[in-house]
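The structure appears right after this line, and notes come after that.
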Amino acid sequence: MNERYDFKSVESKWQKYWEENKSFKTFEDKDKEKYYVLEMFPYPSGKLHMGHVRNYAIGDVVARCKKMQGFNVLHPIGFDSFGLPAENAAIKHGVEPGKWTWDNIHEMEGQLRQLGLSYDWDREVQTCSPDYYKWMQWIFIQFYKKGLAYKKENPVNWCPSCQTVLANEQVVDGCCERCKTPVGKKNLSQWYFKITDYADRLLDNLDTLTGWPEKVKTMQRNWIGRSVGAKIAFKIDGTDLSMDVFTTRADTLFGVTYMVMAPEHPYVEGLVKGTEYEAPVKEYLDKVQHMNDIERTSTTNEKTGVFIGKYAINPVNGKKVPIYISDYVLMGYGTGAIMAVPAHDQRDFDFAKKFDLEIIPVVDPGNPDIDINNLTEAFAAEGTMINSGKFDGMNNRKAIDAMIEWLNDEGIGEKTINYRLRDWLISRQRYWGTPIPMIYCEDCGWVPEKEENLPVLLPTDVEFTGKGASPLTTSKSFGECTCPRCGKKAKREMDTMDTFLDSSWYFLRYCDAKNDKAAFDKEKTDYWMNVDQYIGGVEHAILHLMYARFFQMALHDLGLVKDEEPFKNLLTQGMVNKDGKKMSKSIGNVVSPEEIMGKYGADTARLFILFAAPPERELDWSDEGVEGSYRFLNRVYRLVYDFNKNYSGDGSENFDITTDADKELNYVLNGTIKKVTEDVGGRFSFNTAISSIMELVNCLYRYRERPDVNEAFMKKAIDTLVIVLSPFTPHICEEMWEGLGHSDTLVNVPWPKYDESALVLDTVEIVVQINGRVKEKLDIATGMTREDMEKTVMAEPSVQALTEGKQIVKVIAVPDKLVNIVVK
RNA sequence: GCCGGAAUGGCGGAAUUGGCAGACGCACGGGACUUAAAAUCCCGCGAUCCUUACCGAUCGUACCGGUUCGACCCCGGUUUCCGGCACCA
């Protein structure tokens, strides 16, 4: 141990030590309780940013702490390494996507090692490696065989800039999640996963995820968007057709005055063919189809539509009502058609006003301020049924179920549940992704590649022009193949998989990363899964976290994994900002981890980022704060160095705690162990854990100034300080640990236990309140009964002075805390 | 509009079960050491008032009200901010 804290040599020394000794290598060990801590793996963009540092620092503290507490800890890392940036680099700079990606991976591996993270590097996974995507393809085939994957032509989201389709989840405010370009619609034949089959389970299981933030669960609930209602059939007058509508307001059925179909509804073309309505309908359709989602929703309240010349018959009262098409009805939700009740739905009301349609009230608000026959807006609240035949007089909320029951008996409707969630569009017209292992044969249709032929390798004879179809289509070798079923000439699928598939099961692969016979061995995943603590950014609340849950459920149904849910506990870390704003190149406020590690070292960077804010909250980067953390580490280092210089003992731990100063130090020491143990292990409050370690350091600085220092005890306290600080700042702690004369690495040192009795002092300071206001503080013996406390306090002259001449109404005593005297 | 979360000194934040509001750190001010500076160590640091000073008093956790001996914490209402969903029938 040098006199000065030289973080550069200390950090490289211990990183080398951990690596050479394989300090973090993990095996399945049935005799030990396992703990799986996982941080969301990074995309290899080139360099780490502060968000990564925060994510991995949090995970590393948990991993190191659990390991010292005797758990068999799985703490892996890898790279989510397929995706568009690699391909864009190829187009822009002519670098091969594979080379670009692997160079970045190596760069980032180096940076992660510099942070001193306790990963088992032997389990590293890269999703762009054939060893990985082979099993991705295998899983795809299992899903296909199970009927979970299908190809279908549909209007899909198309990003003109990325030149590919997007899943609904990747369209944010009508724009591409990645490049922010407005997304258009295209009719294309694409591969889907039937995630909607799992809508109910994805929703209901959320209640079992007690270790998840409420915020994330709410976001997923909103996204799945379950609504319970009824499907009702309306006959179309003068045809054999019947149109189904979905409604959550079956109680308003008698108030229907018109119907609306989505412009894309399959009936529309046939219904207007050859009539005078054909031309205006076609014109409207053209207009709607040329709008992207932003334009379509920007005219929020201004309703448009066209009458199609046909009428529907209300099954409950035989009333003939006109059918319109309008873009406020969406083909993708419900049945793509609605019954319109302008009196009780604002959208229908706006439309009815514009087209001068009838408005029939069927729910009476029972409020004299509302003129039910002359509404100025739709009445959507609770009321009493009117104009509704036998339902009149009933509460409308109760009438919903009664109406559905009746419709069911009459055979004209039934209870239905609808979801906002759509099937997951998983194919992409891009090169740098897992090839979809499907083959199209003229005779056999779509056939999966034979499993023994996996992986279907990405070809390298491709061109990146940035124009036209996917680069894969430029390969001479890739497309041609034979049908795995009949052996005839056939064509390979040219699309690749959405990279969100790769990240939907990587946590399973970590359990058995090097398996070349299977995606993973069930015995191993049974041992390690599920993930005890998952840590990552809240931006993945819907996309990744829902897809991964879906994968786990589907794999569970295939008998491949034990649990239905992959992540037991979830911690969503807040963003790292600078000056209250997101760090970004365009603002120019980016602080790079490289720069900070170079100036202060990894330990300081880790310490600051954990100390500056609780993990879930946003963290504002502060250069002064970093200085403070660096100062603290120097302060600890000096404490240990100075102690060593003067230490004359032989390492013996025999000592007595005698003086008041000993007792105080013992109290603070045990309090710190308790606080750090609970804050790290229980509630992930790293900032308060660190603050209590700082208090211990302050206490030791005071203690060492005393003339009667108990050297053996102080050694014990300093040893313990170094142990509890080590999960946060491992390098400097290893160095100090060695300096303190220990030969073993801190990684395997058992976590200290605290002595509850040391936390009980002989006397305790209590507060004396008069009418709830603090007036006096007294030292009394610990553990006094309420009665004794009251007697002691009342006998105190200062208290008597305070209550003099007043009538004592009541005295409340809380043991070891306070006495409150209520006076008049 | 619906749903979720938040609001505490100059700043980041603490108070874990209803019991001393402001731990710990940053910034700032003062002192010690030094020829000097840096570093380090020590002290102070919510507001207002009283006081030469000490001592003390009052107010104070977004706002209004309630429950309680006692409320940052529980209940009712309001405001602002952040996030999600939204022409979803």
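Values below: every heavy atom of this structure, side chains too, minus hydrogens, waters and symmetry copies. Naming: A, B, ... by sequence-line order, numbering from 1 per chain.
Note on Arg4(A): every side-chain N or O is 4.0 Å or more away from OP1 and OP2 of U40(B). For the pair Arg638(A) and C41(B), the criterion of a side-chain N or O lying under 4.0 Å from OP1 or OP2 is met. Residue Arg226(A) places none of its side-chain N or O atoms closer than 4.0 Å to OP1 or OP2 of C88(B). Proximity of Ser629(A) to the phosphate of G25(B): no side-chain N or O atom is located under 4.0 Å from OP1 or OP2.
Across all strands shown, U35(B) forms no Watson-Crick or G-U wobble pair with both distances under 3.5 Å. Both distances falling under 3.5 Å, in either a Watson-Crick or a G-U wobble arrangement, place A6(B) opposite U80(B). Judged by Watson-Crick or G-U wobble contacts below 3.5 Å, the nucleotide G46(B) has C59(B) as its partner. Using Watson-Crick or G-U wobble geometry with both donor-acceptor distances under 3.5 Å, C85(B) finds its partner in G1(B). Across all strands shown, A71(B) forms no Watson-Crick or G-U wobble pair with both distances under 3.5 Å. In a base pair of the Watson-Crick type (N1 to N3 plus N6-O4 or O6-N4) or a G-U wobble (N1-O2 and O6-N3), with each distance short of 3.5 Å, A23(B) is matched with no nucleotide.
Nucleic acid contact class of Gly225(A) (heavy atoms, under 4.0 Å, all strands): none. Nucleic acid contact class of Ser622(A) (heavy atoms, under 4.0 Å, all strands): none. Residue Phe611(A) is in base contact, counting any heavy-atom pair closer than 4.0 Å across all strands shown. Residue Arg221(A) is out of contact with every strand shown, counting any heavy-atom pair closer than 4.0 Å.
The number of heavy atoms from other shown groups lying within 6.0 Å of NZ (Lys582(A)) does not exceed 12. Around OH of Tyr667(A), the count of heavy atoms belonging to other residues, nucleotides or ligands within 6.0 Å does not exceed 12.
The distance from the CG atom of Leu696(A) to the OH atom of Tyr703(A) is 12.5 Å, given to the nearest 0.5 Å.
In textbook terms, a nucleotide whose glycosidic angle is within 90° of 0 is syn, while G30(B), being further out, is anti.
His344(A) contributes no side-chain N or O that, together with a main-chain N or O of Thr252(A), makes up a donor-acceptor pair within less than 3.5 Å. Checked by atom type and distance alone, the side chain of Asn820(A) pairs as donor or acceptor with a backbone atom of Gly772(A) at under 3.5 Å.
U17(B) and C42(B) have their C1' atoms separated by 38 Å, given to the nearest Å. One P atom belongs to U79(B), the other to C63(B), and the distance between them is 15 Å to the nearest Å. Nucleotides C59(B) and C75(B) place their P atoms 26 Å apart, quoted to the nearest Å. Taking the P atom of each, A86(B) and C3(B) are spaced 16 Å apart, rounded to whole Å. Between U16(B) and C74(B), the distance separating the two P atoms is 11 Å to the nearest Å. U78(B) and U52(B) have their C1' atoms separated by 48 Å, with the value rounded to a whole Å. Taking the C1' atom of each, U34(B) and G56(B) are spaced 41 Å apart, rounded to whole Å. C82(B) sits 31 Å from C26(B) when the P atoms are compared, rounded to a whole Å.
Whole-Å rounding puts the Phe608(A) CZ to G25(B) C1' distance at 10 Å. Between Asp620(A) atom CG and C82(B) atom P there is a gap of 16 Å when expressed in whole angstrom units. One can place CE of Met575(A) at 18 Å from P of A6(B), the figure rounded to the nearest angstrom. Atoms CG (Leu633(A)) and C1' (G25(B)) sit 13 Å apart, rounded to a whole Å.
Among Tyr600(A), Tyr637(A), Phe608(A), the single residue meeting the ring-ring contact (aromatic ring centres under 6.0 Å, His included) criterion with Tyr630(A) is Tyr600(A).
A cation-pi contact, defined as under 6.0 Å to the ring centre and within 45° of the axis, links Arg704(A) to Tyr701(A). By the 6.0 Å and 45° rule, Lys303(A) does not stack over the aromatic ring of Phe355(A).
Phe351(A) and Tyr258(A) have parallel rings, their planes meeting at less than 30° on a 0 to 90° scale where 60° marks the start of perpendicular.
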Please list, for nucleotides 14-20 of chain B, all pairs of protein and nucleotide N/O atoms separated by less than 3.5 Å.
from, atom 1, to, atom 2, distance (Å)
A14(B), OP1, Asn687(A), ND2, 3.2
A14(B), OP2, Arg617(A), NH2, 3.2
A15(B), OP1, Arg683(A), NH1, 3.2
A15(B), OP1, Arg683(A), NH2, 2.8
U16(B), O4, Lys675(A), NZ, 2.0
G19(B), N2, Gln769(A), OE1, 3.3
C20(B), O2, Lys777(A), NZ, 2.6

